[in-house]
Amino acid sequence: MPTYKYSYFDVRGRGELVRYVFHAAGRDFEDDRVAREDWPSRKESTPFGQMPVLDVDGKKLAQSGAIARYAAREFDLAGKDSWEQALVDQYMGLVEDMFTEIVKVFFEKDEEKKKELQKNLAEVVFPKFCGLFEKALDQNGGKFFVGNSLTLADLAVLNAFDTPLHQHPTLLDKFPKLKAHRERVMATPKLSDYIKNRKVTDI
Amino acid sequence: MNGSKKDSIRKYKLTYFDIRGRGEIPRLLFHAAEVEFTDDRIDSEEKWYNSLKAKMPQRVLPVLEVDGKLLSQSLTICRYLAREFGLCGKTSWEQALVEQVVDTMDDLRAEVAKWIYEKDTEKKDEIGSHLRSEIYPKFFGILEDILKENEENNNRSGYLVGDSLTLADLSVFETFTFPLSIHPDILDDHLELQEHRKRIETHKHLADYIKNRPVRPV
């Protein structure tokens, strides 16, 4: 049995999805949360000077997406064949596209422009992506994004809406399948314990 | 998967704009594996907006059609084709190492895209300088470390993962194409990266395509 150590900051950010994978799969791992002050001294020991990093029996892997997909493959949460893996991957890509739009708003310094972008996010961007996710669920029978059981795709979409729902709590109200999906995934046994007990962070 | 041009069992069609952009790495994968495909290049904006866009699952390109089934997301398409063609590493761990490189190159692409999209000439110059002084060196360093580590693991292949060409090498090759067109000297002090680039350019399955592919600004 490999020993896993997963290093990231003590926030959700780009690190939470992999934590979801480990918890949903019921796999042990060291959830190494690095304090900001300690980062400069830890940076050297990472492959690319960034986190998250997954250490598997001493071998290191960087890039949150590569780590998530690797862990999902190891724990049978990646789709049952190459095509399903691609479908799972596709939804991760869509999540990433939505995240890119959110980040643009986050980093906008001009107050006027920021307000415009926030309005656009709420009125155009989120409805567009929610609509695509809703349709995808509908086309796959309504319960999961790929196949008949939980995959990385479901965890990625759950994770994608964690922060947006803080600021827009009614975001999913017009998308019943997506809302039900969220509740279903959050109820996954070990994952739901983790989510209930984790520290609440802004990002 | 047997990659013979004559007996390709599956029907592949790649639909993308008539630029390199996010479609070129999938094209390189088909050529590297010698697998036939329809290289469906959309050169009319009108055709895209008025008829095609609504038909695409995520309303974006590229889209890969495999025996009638559609797949979106350029990196998903890359990873899928690479797996099918045996160009994604030989084990799950090697696959992760390949993906690590591909995701890193996508980060570089995103940095360079800031220069492409900036309209203000002063800001554009600033971004250009930042690319040269901070961004390129950071990514060159990462790649040189990977090449060195792969060398040390006794592979001595000159490829980024394992002992043969993978999607990782193609993504590095293609991600540098645009930067080299605006900053032709950036690899001058990076001999290993120059050699790596040459290795891809002269690869027996890629040389013809790379030499003769349509010249596009991006």
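Here is how names work: the chains are called A, B, and so on, in the same order as the sequence lines, proteins then strands, and each is numbered from 1. Here the structure is a predicted model, which means the values were calculated and not measured.
- For Leu132(A), the part lying near chain B is the side chain, with the backbone staying farther off; criterion is any non-hydrogen pair under 4.5 Å.
- Considering every non-hydrogen atom in both Asp103(B) and Ala66(A), the closest pair reads OD2-N, 3.4 Å.
- Between Gln90(A) and Gln73(B) the shortest heavy-atom distance is O-CG, 3.4 Å.
- The contact between Lys138(B) and chain A is made entirely by side chain atoms (from C-beta outward), counting heavy-atom distances below 4.5 Å.
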Might you work through the side chain to side chain contact (heavy atoms under 4.5 Å, CB included) test for Trp83(A) and Leu71(B), ending with a clear yes or no? CA-CA 9 Å; Trp83(A) 181 257; Leu71(B) 199 61; 4.0 Å; yes
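- At a 4.5 Å heavy-atom cutoff, the contact between Glu74(A) and chain B is made by side-chain atoms alone.
- Electrostatic pairing of Asp81(A) and Arg83(B) does not count as a salt bridge here, judged by no charged N lying under 4.0 Å from a carboxylate O.
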When you look at Tyr80(B) and Gln85(A), which way does the side chain to side chain contact (heavy atoms under 4.5 Å, CB included) test go after all the steps? CA-CA 8 Å; Tyr80(B) 173 72; Gln85(A) 237 185 82; over 6 Å; no
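- A donor-acceptor contact under 3.5 angstrom links the side chains of Gln63(A) and Asp107(B), judged on distance only.
- Leu61(A) and Trp93(B) get closest at one heavy-atom pair: CB-CH2, 3.8 Å.
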For Phe48(A) and Ile146(B): C-alpha separation, side-chain torsions, deciding distance, then whether side chain to side chain contact (heavy atoms under 4.5 Å, CB included) applies. CA-CA 10 Å; Phe48(A) 301 163; Ile146(B) 295 177; 3.7 Å; yes
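- With respect to chain B, the highest number of heavy-atom pairs below 4.5 Å among Pro47(A), Gly49(A), Ala62(A) belongs to Ala62(A).
- The backbone N or O of Ala96(B) lies less than 3.5 Å from no partner atom in the side chain of Arg69(A), so there is not a single donor-acceptor pair.
- Heavy-atom distances place no part of Leu143(B) under 4.5 Å from chain A, backbone and side chain included.
- Proximity to chain A is absent for every atom of Val101(B), based on heavy atoms less than 4.5 angstrom apart.
- Residue contact with chain B, scored on non-hydrogen atoms closer than 4.5 Å, involves the backbone and the side chain of Leu87(A) alike.
- Using a 4.5 Å cut-off between heavy atoms, Lys59(A) contacts chain B through both its backbone and its side chain.
- Only the side chain of Gln50(A) comes within less than 4.5 Å of a heavy atom of chain B; its backbone N, CA, C and O stay farther away.
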